[in-house]
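Sequential numbering from 1 along the given sequence is applied to the chain's residues.
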Amino acid sequence: MKNIVAALFGAGVGVSGVFLHNSYRPVGLVVSLIAIITGAYLVREMYRSTLCSWLYLIGWSLVVIRGSTVGNGGELLVEANLYGNSFVLGGAALVVVLTLRARKVN
């Protein structure tokens with residue numbers, strides 16, 4: 001059950017970041033990146049499991065990748081502008097670093 005919750009939590013943080021990163025520039029981007037850090041920290045501290053940290057990473061990544069691709073109607077949720085690139089690349093770097101750092105908890 002905790003594995004599913006960790007993946008859904010990562011997906012939820014990803015959804016909020018996808019919709020918020022381009023809003024109220026640059027505050028939306030900063031809040032999105034802080035949410036990524038906070039979410040990874042909470043999953044690591046709640047479950048104390050490396051697997052849960054990896055599932056958080058996978059859940060976040062799947063949502064962000066889907067938001068970065070063109071949909072059926074031609075919509076694009078994460079554009080290739082300064083804020084979109086900062087969200088995707090900065091968020092991915094933060095999530096990977098925090099996931100690799102989770103190994104020290106066990």
| Given the rule that I, L, V, M, F, W and Y join up when any side-chain heavy atoms are under 4.5 Å apart, are Leu57 and Met46 in one cluster? | yes
| message | Would a single hydrophobic cluster contain both Trp60 and Leu8, if residues Ile, Leu, Val, Met, Phe, Trp and Tyr are joined by side-chain heavy-atom contacts under 4.5 Å? | response | no
| So, for Asn81 and Gly84, which heavy atoms are closest and what is the spacing to 0.1 Å? | OD1-N, 2.8 Å
| Close side-chain approach of Val18 and Phe87, heavy atoms under 4.5 Å | yes
| query | Considering only heavy atoms from C-beta outward, does the side chain of Trp54 approach that of Leu100 to under 4.5 Å? | reply | yes
| message | Would you say that Tyr47 contacts Val5 through its side chain, given a criterion of any heavy-atom pair below 4.5 Å between the two side chains? | response | yes
| field | Test item: Tyr24 and Val31 side chains (from C-beta on) under 4.5 Å apart, heavy atoms | value | no
| query | Which distance, rounded to the nearest 0.5 Å, do you find between the OG1 of Thr50 and the CZ of Arg101? | reply | 13.0 Å
| said: To the closest 0.5 Å, what do you measure between CG (Leu98) and OH (Tyr56)? | reply: 8.0 Å
| query | Heavy-atom distance under 4.5 Å between the side chains of Val95 and Ser61, does that happen here? | reply | no
| remark: What one should report as the nearest heavy-atom pair of Val70 and Arg66 is O-NH1, 4.0 Å
| Side chains of Asn3 and Cys52: does their closest heavy-atom pair fall under 4.5 Å? | yes
| Should we count CD1 of Ile4 as having more than 12 external heavy atoms under 6.0 Å? | no
| Rounded to the nearest 0.5 Å, how far apart are CG of Asn22 and CG of Leu29? | 9.0 Å
| task | Determine whether Leu33 and Leu42 fall in the same hydrophobic cluster, where Ile, Leu, Val, Met, Phe, Trp and Tyr are linked whenever their side-chain heavy atoms lie under 4.5 Å apart. | result | yes
| Between atom CG of Leu94 and atom CG of Leu89, what is the distance when rounded to the nearest 0.5 Å? | 11.0 Å
